[in-house]
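By convention in this document, chain letters (A, B, ...) are assigned in the order of the sequence lines, proteins followed by strands, and residues within each chain are numbered from 1.
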Amino acid sequence: MSPSGLAERVPAIAVKGAVKRYGHVQALRGASLEVYPGEIVALYGDNGAGKSTLMKVMLGVVPPDSGSISIAGREVDMTSIRESQDRGVDAVHQDLALPPDLTVLESMFLGHEVMRTGLLGRLGVLDRTAMADASREALERLGIRLTTVRIPVKSLSGGQRQAVAVARAVMWTSTALLMDEPTAALGARQSDIVCDTIVSTAARGLGVLVISHDLPRTLAIAHRVVVLVRGAVAFDGPAHGLSVPEIVEIMVGHLRDSMGGSSNGGS
Amino acid sequence: MWKRNWAKVGALVGAVGIAALVAGAAIGASGDHAAKQLYIAGVSPLTADPSLAPTSCGAAAEAKKLGVRWTWGGPSGPDIPKELSYLNSRLLLKPDGVLLLPLSPTAFVAPVRGLMRKGVPVALTDGTLQPSVQYRSYQSDFSSAGKMVSSAVLRMNGRTGTVGVVAFGPDKVLDRVRWEPAAKLLKAHDGITVLPTEYSNADAVKSASIASAMMQAHPDLKVIIATNGPESSGVASAVLAAGKKGKVKIVAFDAPAPVIKGIQDGTIAFTISQSPYVKGMQALRALVAYIKAHGSHARAVKPASPQIVPVPTKMITKANLTTRAARLYIDSADCNFFN
Amino acid sequence: MAVAEDPQALKPVAVDGQAEPTRLMRVLLARTVVWVFLVEVILVVVFGILSPGHVFWTAGSFRDLAVDGAEVVLLAAAVTFLLGAGELDISLGANIILSSVVGGRVMGAITATSTNILQQGTYHHVLLGILTGLVVCIATGATLGAVNGFVVTRMHVNSFITTLGTLGIATGVAQILSNGADLASIPNALQLQFGVRSLAGVFPYPALLAAVLICGLWALVTFTRFGLHTLSLGSSREAARRAGLKVDRHLMTLFIGVGAFGGLIGFIDLARFATTNIGGHQTDALEAIAGAVIGGTSMFGGRVSIFGAVIGAMLAVILNAGLVIVGVQSFYQLIVVGVVLILAVFIDQRRQRIL
């Protein structure tokens, strides 16, 4: 499963030396990670290893104490999530981050709304029809058929909501896609669909980072594996040839070696 | 040489002696003067409020006439602790009498009681104390205004018709005394119906909606009594909106600027107003009379009997609005009554 | 790429037995509003029957209700926006008063020809004075709103506590500026040509102004991106942030906007009464919020109903007027409004669980 187009040396998104401390807790200890265009990177780690924090730092949701982030080769001063979004980076968050009262089409287009043309557009009037059509198409491309996209997100099942979150992120990314537990609420069939989506997104030329506890599935599609242990990168190498037990060993191995220090960084 | 020195010393001593005599005489004279001039201290909240400020004007005029020293001050807002601390600061100057508008009927009892015991009479020109430990209390006599109002209402629209009342709140004694006597007298006439009193809490918006509802329900409504300025503004707005200016007459109480304007415009028929000026004047006069009769800081002051002195109210109409007599009954931020 | 072949797993959960509730229905929030509207219809019928000569059903009575409710209904509609974003403003009553005091003084300064009330004064520069007063009223309200917005977004104090504080501050400033006395220097033209005037004797101008603005607010929340962003802030503040919305700037705009509406209502006070109303508006903010919630706006943010707020706020107005017309004292309306509010919030919460 080797990617085509790995010839570019410039990472779609990269973080170097990220350090983050929450009070007494050291969440990240100088973690570095690169995701190249067309590449799927699986990020593994035990609970509290710092995976979610690292992703949030890369997105601009959380400012690191030190470290630099670059998108498409250029270093970015991350003041807000807008910085990464403007450069084509989007994410599926662990808690989905979909406003429950907004409709499916509104949730999918929030922050990227389509306006009507002419004077109405200048007044800020939304073109809901266009957004509804586009939402339906995007969901169908993922193999999801809803009878209507004009219902509130909170009336969807957990799996449907996850699908919407994935569809939304896929719609707006053009550089890199970061996903935190994208299959957590999904059954087997839907998880397969999401994995297919990840593969096709990478095939489009984007870099994809996937954080997941579902080792078998994600290992099967990943090009590269990164393992985070207590806020630092413990392993960074090709997925080819790695097995699940080996990865687990890396994830927990350092714990057994530690002299009483506990890895209680936030993940 | 000795003679020259002695002469110099003698001249010096003489100069010092004369200076001492002159200074001593001056001090002695002023000391005498200070001992003779009485000092009355005025303490009030809301000192810039045009409905209270004239108290000081009346007291000041009377003080000038009697050759008495007068000061007036206090917080500009309804601030009880500030008023108390102002009173205490005045007491350091040992006033012979105190004129007071207590914001709280309880917080000022202790200081007033103390003053009365020390032989310093205290007169109230507004507010009450519970218990009544003051020497005298000057209150506007609204109860006899009832007769004024009812006869004026009868004169304005004959012996038949409906009368409405908009008041502040049912538990306010000082508010009831404005409309109840008039309502009672009017009800005694067979042809007159007095509607049940409605309460608006001095909110012009609520007063307007009450008045417009009254006019809807009773086409023969001819008079609406509003017990204070904001209520009358609301009622006036409703009367104008219904196109019934002149057909529905408004009776108001107090004389703040909007009421005076309403009388000038003809939307308000008349108002029953009180005179803080007269209250201040009478209160100061009574304090000085007491001190002159019993001495300053002498034995403990007993509350007078009767303790409450009713100060007359006045009906202000378009006809007498500009007269000198009426001026003292109109709210004013300063003492320029007669320009 | 595999295509899902299991439509069952992906059909939306049925809502109220219908497979496709429309956006319109969601925005109108059928249940509570319809229920309150029915109560109001019943009240109109009952008061009409009980009132002498059935006067409650006349055009004049409708006119009175419209002007009685104009201010509180406009405030309820504006407050709905803030509630939609998950914020409160209980300083609005003091905002109205302070705006009318500042705007009124400016108006008086421009138009009065004499400071002595006893001198029969005419007014000059009337139009200039009125327009300037309008601008100053709105600007004062907007400034107070900006203070609220600043404290909420930069100092991170929650909006209830913040506006509780600015309520006191605005009241104090109004007291200092007015010395507790209402003004008399407002030109009569403002009152006679606008404040107490009605179109065709039935539609009071203040109510027409309120109606136009309320329609504008409805369009804003229903059709525009600004409205959508407002609702998303209330639905999930964090989700809105993750979507890249400029949360602080949007909140600031909301507080300033609602404050500006408070200023406008202060101007309406000046127009209706030709003076300030510094003793009033004690419960305006709470009545507006209650009206909005009764009308179906969620206290937790994310769902609003502008016309519901109008209907909710009119409940107290209809009750008040009706009770006076049939000769009953108007205290009971406070109790009824309180009961209705609790019931409305209860139904609102039950509906959250069903969905």
Side-chain angles (χ1 to χ4, degrees), chain B residues 46-53 76-78 170 195-219 228-231 233-234 236-243 256-262 264-265 321-322 326-327 330-333 336 339, chain C residues 51-53 55-56 58 60-61 63-65 67-69 71-72 116-121 172 175-176 178-186 188 191-192 195-198 201 204 269 272-284 317 320-331:
Chain B
L46 305 160
T47 44
D49 190 331
S51 66
L52 293 177
S76 58
L195 299 175
T197 306
E198 298 285 349
Y199 300 102
S200 71
N201 243 289
D203 183 345
V205 173
K206 291 202 169 71
S207 307
S209 73
I210 290 170
S212 56
M214 277 181 179
M215 286 187 286
Q216 275 298 313
H218 305 274
N228 60 47
E231 286 161 17
S233 294
S237 177
V239 166
L240 286 170
V259 171
I260 299 301
K261 190 166 166 213
Q264 283 175 326
D265 289 339
L321 188 53
T322 49
R327 296 294 182 89
I330 292 173
D331 287 6
S332 172
N336 291 346
N339 51 355
Chain C
S51 56
V55 290
F56 203 77
T58 59
S61 179
R63 177 199 66 217
D64 292 341
L65 284 175
V67 78
D68 289 346
E71 291 186 13
V72 72
N116 188 338
I117 188 64
L118 291 181
Q119 284 170 3
Q120 276 286 355
Q175 174 78 37
I176 290 171
S178 67
N179 287 320
D182 289 309
L183 305 162
S185 47
I186 309 297
N188 292 346
Q191 186 183 33
L192 297 174
V196 295
R197 205 160 147 209
S198 332
D269 252 11
R272 286 187 65 196
F273 308 116
T275 182
T276 51
N277 180 19
I278 54 185
H281 302 293
Q282 298 298 327
T283 55
D284 274 17
V317 176
N320 201 9
L323 287 172
V324 175
I325 283 185
V326 303
V328 173
Q329 296 214 315
S330 49
F331 289 127

Can you tell me if C:Asn188 and B:Lys261 form a side-chain donor-acceptor pair at under 3.5 Å?
->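 Note: C:Asn188 and B:Lys261 side chains meet the donor-acceptor criterion.
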Need one label for [X]: side chain, backbone, both or neither, based on atoms under 4.5 Å from any heavy atom in chain B.
{"X": "C:Ser178", "result": "neither"}
{"X": "C:Ile176", "result": "neither"}
{"X": "C:Gln282", "result": "neither"}
{"X": "C:Arg197", "result": "neither"}

At their closest point, which heavy atom of [X] faces which heavy atom of [Y], and how far apart are they?
{"X": "B:Asp203", "Y": "C:His281", "answer": "OD2-N, 3.5 Å"}
{"X": "C:Pro52", "Y": "B:Ala217", "answer": "CG-O, 3.3 Å"}
{"X": "B:Pro196", "Y": "C:Gly327", "answer": "CG-O, 3.7 Å"}
{"X": "C:Phe273", "Y": "B:Ala208", "answer": "CE2-CB, 4.0 Å"}
{"X": "B:Ser237", "Y": "C:Arg272", "answer": "OG-O, 2.8 Å"}

If I take atom [atom1] from residue [X] and atom [atom2] from residue [Y], how far apart are they, to the nearest 0.5 angstrom?
{"X": "B:Ser200", "Y": "C:Asn320", "atom1": "OG", "atom2": "CG", "value": "10.0 Å"}
{"X": "B:His218", "Y": "C:Ser51", "atom1": "NE2", "atom2": "OG", "value": "10.0 Å"}
{"X": "C:Asp68", "Y": "B:Ile210", "atom1": "CG", "atom2": "CD1", "value": "9.5 Å"}

Flag the pair B:Ser212 / C:Arg63 as yes when at least one side-chain heavy-atom distance between them is below 4.5 Å, and no otherwise.
-> no
Side chain proximity check, C:Val196 to B:Val239, heavy atoms < 4.5 angstrom | no
Proximity breakdown for [X] and chain C, heavy-atom pairs closer than 4.5 Å:
{"X": "B:Ala238", "result": "neither"}
{"X": "B:Ser233", "result": "both"}
{"X": "B:Asn201", "result": "backbone"}
{"X": "B:Leu240", "result": "both"}
{"X": "B:Ala204", "result": "both"}

Knowing that exactly one of B:Pro50, B:Pro256, B:Pro230 qualifies, which makes a side chain to side chain contact (heavy atoms under 4.5 Å, CB included) with C:Asp182?
->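 Among the candidates, only B:Pro230 passes.
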Pick out which of C:Val324, C:Leu65, C:Val55 makes a side chain to side chain contact (heavy atoms under 4.5 Å, CB included) with B:Gln216.
-> C:Val55
Greatest number of heavy atom pairs closer than 4.5 Å to chain B - which of C:Ile278, C:Thr275, C:Val72 =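 Between C:Ile278, C:Thr275, C:Val72, the count favours C:Thr275.
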Set of side-chain hydrogen bond (donor to acceptor under 3.5 Å, both in side chains) partners for C:Asn179, sequence neighbours left out = none
